[in-house]
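The structure appears below as structure tokens.
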Amino acid sequence: MELPFAESWKIKMVEPIRKSTREEREKWIKRAHYNLFQLRAEEVYIDLLTDSGTGAMSDRQWAGIMVGDESYAGAKSFFNLKETIEKITGFEYVIPTHQGRAAENVLFSYLVKEGDIVPGNSHFDTTKGHIEGRKAIALDCTIDEAKNTQLEIPFKGNVDIQKLEKALEEYCDRIPFIIVTITNNTAGGQPVSMENLRQVSKIAKKYDKRVIFDSARFAENAYFIKMREEGYGKKSIKEICKEMFKYADAMTMSAKKDGIVNMGGFIATDLQEWYDGAKSYCVQYEGYLTYGGMNGRDMNALAIGLDENTEFDNLHTRIHQVEYLAKRLDEFGIPYQRPAGGHALFIDAPKVLTCVPKEEFPAQTLAIELYLEAGIRGCEIGYLLADRDPLTRENRFEGLDLLRLAIPRRVYTDNHMDVIAVALKNVYDRRNEITRGVEILWEAPLMRHFTVQLKRL
Ligand code: F0G
């Protein structure tokens with residue numbers, strides 16, 4: 001008999017979590033104005049708000065913390081990190097930053113100016129923010145298939161090459177670079193194929209443009225290439241990573257995801273010109289070049305995390321868990337962005353809460369219901385997050401309205417996944433009784449979802 005699957009690690013340290021009563025949760029969520037960001041973490045039983053900075057470090061990483069070098073300049077920990085990044089990506093120049101958006105800020109300060117157009121595949125919010133904040137435009141060239149949640153294709157995060165070529169033809173002079181997000185978080189943690197990365201690189205060369213990878217979940221992307229793309233089944237994750245980064249000139253990294261650290265990020269490139277251009281912004285915004293925004297100890301932990309998480313067993317354990325949760329949801333017929341993503345499942349809320357009108361925010365309503373049901377905190381990636389049109393000030397209802405259940409790395413067990421699935425099923429079973437959603441009482445002019453105050457209707 002074939003042995004069943006099990007995790008590629010064992011547990012050395014635990015953190016107790018506490019269940020609450022529905023009555024308590026009713027009180028807490030009301031106090032939080034029905035905004036899950038406003039809850040205290042103690043009021044949450046299973047926290048799926050994000051997979052960012054929430055992973056569990058290994059014993060090796062904790063050991064790395066103890067031997068961190070905190071020298072202001074030239075710290076040994078920096079060189080550990082730099083050598084690891086170079087080994088995995090091939091990039092020679094490294095600038096540490098305090099997290100991913102800081103890497104964007106430093107690099108884009110050098111590269112993006114007013115009137116520019118930056119094509120990419122579903123730019124992440126902060127990436128878009130750093131582009132639009134400089135009065136430039138983030139042009140989405142994701143394949144159309146990504147919008148159909150029920151369509152099952154292996155690389156739903158891909159760039160639409162025709163859309164990209166059209167942009168390059170039309171706006172060539174205004175394009176400072178192309179940015180490809182691996183995996184594509186906004187489209188559901190969906191991977192980008194090696195073939196697609198190759199094509200982007202080829203077309204970029206044709207128009208003499210550079211390519212940046214927003215690499216927060218690059219290791220998970222490499223795992224999907226190994227599992228799904230022809231010709232890669234026998235390659236190691238590290239070999240696949242090396243090949244992926246051959247098709248980029250630089251990367252920005254939120255190390256809080258695939259680096260499995262609680263805080264950190266970096267820029268890496270093989271262009272000395274870009275390094276020289278960005279480095280003064282690093283000194284200005286982050287810190288001196290050999291620590292940027294990070295402690296020596298954290299750079300050590302990150303170097304080890306990157307090495308560990310570019311090994312197959314670790315990634316297999318992780319993505320197997322996300323797929324396990326997806327299978328449980330399939331049993332109950334709960335619709336999500338298919339196939340399961342690398343770091344999260346994205347529930348198609350309007351398909352669940354069919355009676356809640358879009359004006360009353362179905363995904364946020366589902367997030368509240370799931371919290372009330374079992375103390376599980378997900379995150380609305382939908383109409384609230386989409387904000388208002390800057391000109392008309394109307395709500396933007398054109399995109400998807402999803403409830404993201406992001407799974408922290410090496411934190412929860414499959415028993416927790418069962419609780420999540422059954423809690424969601426219980427909400428699903430009474431979906432026809434949920435006919436009203438929420439109304440906005442107060443909202444900030446920008447990035448409203450973090451602080452919005454809502455009323456339950
Ligand atoms: N790029 C991607 C693809 C991301 O998902 C994130 C963060 C960032 C950049 C910014 O990195 O948070 O370190 O500054 N995503 C988190 C999330 C917040 O929940 O998806 P950061």
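In this chain, residues are counted from 1 in sequence order. Side chains are part of it too, since the values below use all heavy atoms of this structure and drop only hydrogens, waters and symmetry mates. Remember, it's 1-based here, ligands and their atoms both numbered in the order they're listed. Source: prediction; values computed, not measured.
- Summary of contacts: the protein heavy atom closest to atom 10 (C) of ligand 1 is T126 OG1, 3.6 Å.
- The protein heavy atom nearest to atom 13 (O) of ligand 1 is S254 OG, 2.6 Å.
- Under a 4.0 Å N-O distance rule, the pair D387/R396 does not qualify as a salt bridge.
- Put simply, the side chain of R404 never gets that close to the backbone of L345: no donor and acceptor are under 3.5 Å apart.
- Among all protein heavy atoms, the one lying closest to atom 8 (C) of ligand 1 is F124 CD2, 3.4 Å.
- Using cut-offs of 30° and 60° for the angle between ring planes, the Y291 and Y288 rings count as tilted.
- Near E104, meaning under 4.0 Å from any of its heavy atoms, are these atoms of ligand 1: 9 (C).
- For ligand 1, the atoms lying closer than 4.0 Å to a non-hydrogen atom of T50 are 17 (C), 19 (O).
- The distance from ligand 1 to the heavy atoms of K256 drops below 4.0 Å at these ligand atoms: 13 (O).
- Close approach of ligand 1 to T181 is summarised as follows: ligand atoms under 4.0 Å from at least one heavy atom of the residue are 3 (C).
- Ring geometry, F37 versus H449: the interplanar angle exceeds 60°, so the pair is classed perpendicular (tilted spans 30 to 60°).
- The N/O atoms of T183, backbone and side chain alike, include none that comes under 3.5 Å of an N/O atom in ligand 1.
- Between G100 and ligand 1, an N or O atom pair is found at a separation short of 3.5 Å.
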Name each donor-acceptor pair under 3.5 Å that joins a side chain in residues 244-252 to protein atoms two or more places apart or in another chain, with its distance.
residue, atom, partner, partner atom, Å
Y247, OH, R198, NE, 3.0
Y247, OH, E243, OE2, 3.4
D249, OD2, V211, N, 2.7

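- Proximity to R404 (heavy-atom distance under 4.0 Å) selects the following atoms of ligand 1: 17 (C), 19 (O), 20 (O).
- Using bins of under 30°, 30° to 60° and over 60° for the plane-to-plane angle, the ring pair Y281/Y285 lands in the parallel bin.
- Salt bridge status for R60 with E308: present, with a side-chain N to carboxylate O gap under 4.0 Å.
- Close N/O approach between T127 and ligand 1 is not found [any backbone or side-chain N/O within under 3.5 Å].
- Annotation: atom 7 (C) of ligand 1 to nearest protein heavy atom, K257 NZ, 2.6 Å.
- Considering backbone and side-chain atoms together, R101 places an N or O closer than 3.5 Å to an N or O of ligand 1.
- With rounding to the nearest 0.5 Å, the separation of OG1 in T269 from CD in E92 is 9.5 Å.
- Contact check on K163 versus D144 returns a salt bridge, with a Lys/Arg side-chain nitrogen under 4.0 Å from an Asp/Glu carboxylate oxygen.
- Of all atoms in ligand 1, listed by their number and element, those nearer than 4.0 Å to a heavy atom of D214 are 1 (N), 2 (C), 3 (C), 9 (C).
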